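The structure appears right after this line, and notes come after that.
Computation of the quantities below employed the complete heavy-atom set of this structure, encompassing side-chain atoms and omitting hydrogens, waters and symmetry-equivalent molecules. If you read the sequence from its start, that first residue is 1, and numbering goes on from there. Everything numeric in this text was worked out from a predicted model, so none of it was measured.
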Amino acid sequence: MENLLDFPPPTMVNKGVPKSAFYGRSAQKTRLKDWLTREFDSITWLYKLTAQTLNIAEGDKVQEIDVFLCRMKADSYSINPFCGMDELLPRHSLFIIEYGEHTDLLMHYKEKTVVRGEEKWKRGDTELLKDVDLSEFHFQLVGASLDSVYAGLLGQVSRLKTLSKAEYAQAAADRKMRQQLQQQLETLERKCRAEKQPRKKYELHQKILKIKEQL
């Protein structure tokens, strides 16, 4: 298989992965199996990014980033199986999703935590970059450690252009706040258009101006 992301040759794996490798160890085995059987045509482990394959320093938080190519059977797909798959992987992941004539890139922010002496993985926001032309889109593997490389990949898929975990966390929080304010604005604007009483209409308008100022 060709080097889709033009990553360094030592990182290439190009190995097919049976669907059972994922649903076989899931607590929701039947549900994930149904998803994978119904929606996925094939799964290929394309790249393994480590300190050794990239010739950089080990990461404090990130020891391995796996890149999977997932070919779907239909022209659409559900995000849910990717959430379930990623939760099963004790490492960081990037999914290339091919469906119909389209290609998306998907990552979850993940971090390892220790709960009562046991290591657990916490999955955060889903970052989805839709309709990517891989012949024109070029990932930048930036940084002197695997932590930095992961943060850079996450910044590119999320389009937040962040280069560190702290930058991403702040930018993601700001994005969430903007989304909430935008939802509030749309709700108030609908109420304002429907309101007949001048006094209430004026009060709603003042709230709208305040939210627009925050945005």
Side-chain angles (χ1 to χ4, degrees), residues 1 3-5 7 11-50 53-54 59 61-115 118-132 134 137 139 141 146-147 149-160 165 168-169 172:
M1 184 178 292
N3 191 343
L4 281 181
L5 299 183
F7 282 176
T11 66
M12 296 179 67
V13 179
N14 287 335
K15 180 180 179 182
V17 181
K19 300 169 190 176
S20 59
F22 290 98
Y23 66 71
R25 47 181 167 170
S26 172
Q28 297 179 324
K29 180 177 179 178
T30 302
R31 190 176 185 186
L32 186 57
K33 179 180 180 179
D34 289 344
W35 267 325
L36 292 174
T37 302
R38 182 175 63 250
E39 297 192 23
F40 285 63
D41 181 54
S42 64
I43 304 172
T44 304
W45 182 11
L46 283 188
Y47 302 98
K48 178 180 179 179
L49 308 183
T50 65
T53 60
L54 290 174
K61 303 295 184 181
V62 183
Q63 283 74 50
E64 182 176 327
I65 307 167
D66 290 333
V67 182
F68 297 96
L69 170 63
C70 300
R71 289 197 168 99
M72 316 307 289
K73 293 180 178 180
D75 293 343
S76 62
Y77 65 91
S78 168
I79 292 292
N80 293 325
F82 293 97
C83 296
M85 291 162 66
D86 213 357
E87 287 177 344
L88 296 172
L89 297 171
R91 60 189 68 90
H92 297 81
S93 310
L94 164 65
F95 295 95
I96 305 170
I97 308 169
E98 292 185 351
Y99 59 108
E101 300 298 320
H102 305 278
T103 300
D104 295 351
L105 299 174
L106 184 148
M107 289 183 75
H108 295 107
Y109 174 76
K110 288 174 69 176
E111 60 181 355
K112 183 166 57 177
T113 60
V114 178
V115 179
E118 182 182 357
E119 289 186 351
K120 292 185 178 295
W121 286 83
K122 180 182 178 182
R123 177 175 58 81
D125 291 346
T126 299
E127 301 295 351
L128 181 65
L129 187 58
K130 297 184 68 67
D131 286 324
V132 178
L134 293 181
F137 183 87
F139 271 117
L141 299 179
L146 206 59
D147 287 349
V149 170
Y150 173 72
L153 291 175
L154 193 60
Q156 292 169 75
V157 174
S158 67
R159 289 159 291 190
L160 294 175
K165 173 185 173 182
Y168 171 80

Problem set entry | salt bridge (charged side-chain N to carboxylate O under 4.0 Å, His left out) against Asp66, all qualifying residues, sequence neighbours excluded | Arg91

Seminar exercise, completed: When every non-hydrogen atom of Trp121 is compared with those of Pro90, the smallest separation belongs to CZ2-O, 3.1 Å

Problem set entry | Which residues share a side chain to side chain donor-acceptor pair (under 3.5 Å) with Lys19, sequence neighbours left out | none

Seminar exercise, completed: Contacts of Gln156 meeting side chain to side chain donor-acceptor pair (under 3.5 Å) (sequence neighbours excluded), chain-then-number -> none

Exercise. Above 12 or not: heavy atoms from other molecules or residues under 6.0 Å from NZ of Lys73?
Worked result: yes

For this session: Determine whether Tyr47 and Met12 make a side-chain contact, defined as any pair of heavy atoms from C-beta on separated by less than 4.5 Å.
Result: yes

Problem set entry | Listed partners of Thr53 passing side chain to side chain donor-acceptor pair (under 3.5 Å), at least two apart | Thr50

Problem set entry | Heavy-atom donor-acceptor pair, Asn3 side chain to Phe7 backbone, under 3.5 Å | yes

Problem set entry | Side chains of Thr103 and Ile97 in contact at under 4.5 Å (non-hydrogen atoms) | no

Seminar exercise, completed: Quick note, salt bridge (charged side-chain N to carboxylate O under 4.0 Å, His left out) partners involving residues 74-86, not counting sequence neighbours, are Asp86-Lys110

Exercise. Is there side-chain contact between Leu46 and Leu5, with heavy atoms separated by less than 4.5 Å?
Worked result: no

Exercise. Listed by chain and number, what are the salt bridge (charged side-chain N to carboxylate O under 4.0 Å, His left out) partners of Asp125, not counting sequence neighbours?
Worked result: Arg175

Problem set entry | Nearest heavy-atom neighbours spanning His108 and Cys83 | NE2-SG, 3.6 Å

Seminar exercise, completed: salt bridge (Lys or Arg N to Asp or Glu O under 4.0 Å) test vs Glu111 passes for just one of Lys165, Lys61, Arg123, namely Lys165

Exercise. So, does Arg159 use its side chain to make a donor-acceptor pair with the main chain of Leu128 at under 3.5 Å?
Worked result: yes

Exercise. Thinking salt bridges, do Lys130 and Asp104 make one under a 4.0 Å N-O criterion?
Worked result: yes

Exercise. Quick one: does Ile79's side chain get under 4.5 Å of Leu106's, heavy atoms only?
Worked result: yes

Exercise. Pick one: which of Tyr99, Tyr77, Phe82 meets ring-ring contact (aromatic ring centres under 6.0 Å, His included) with Phe40?
Worked result: Phe82

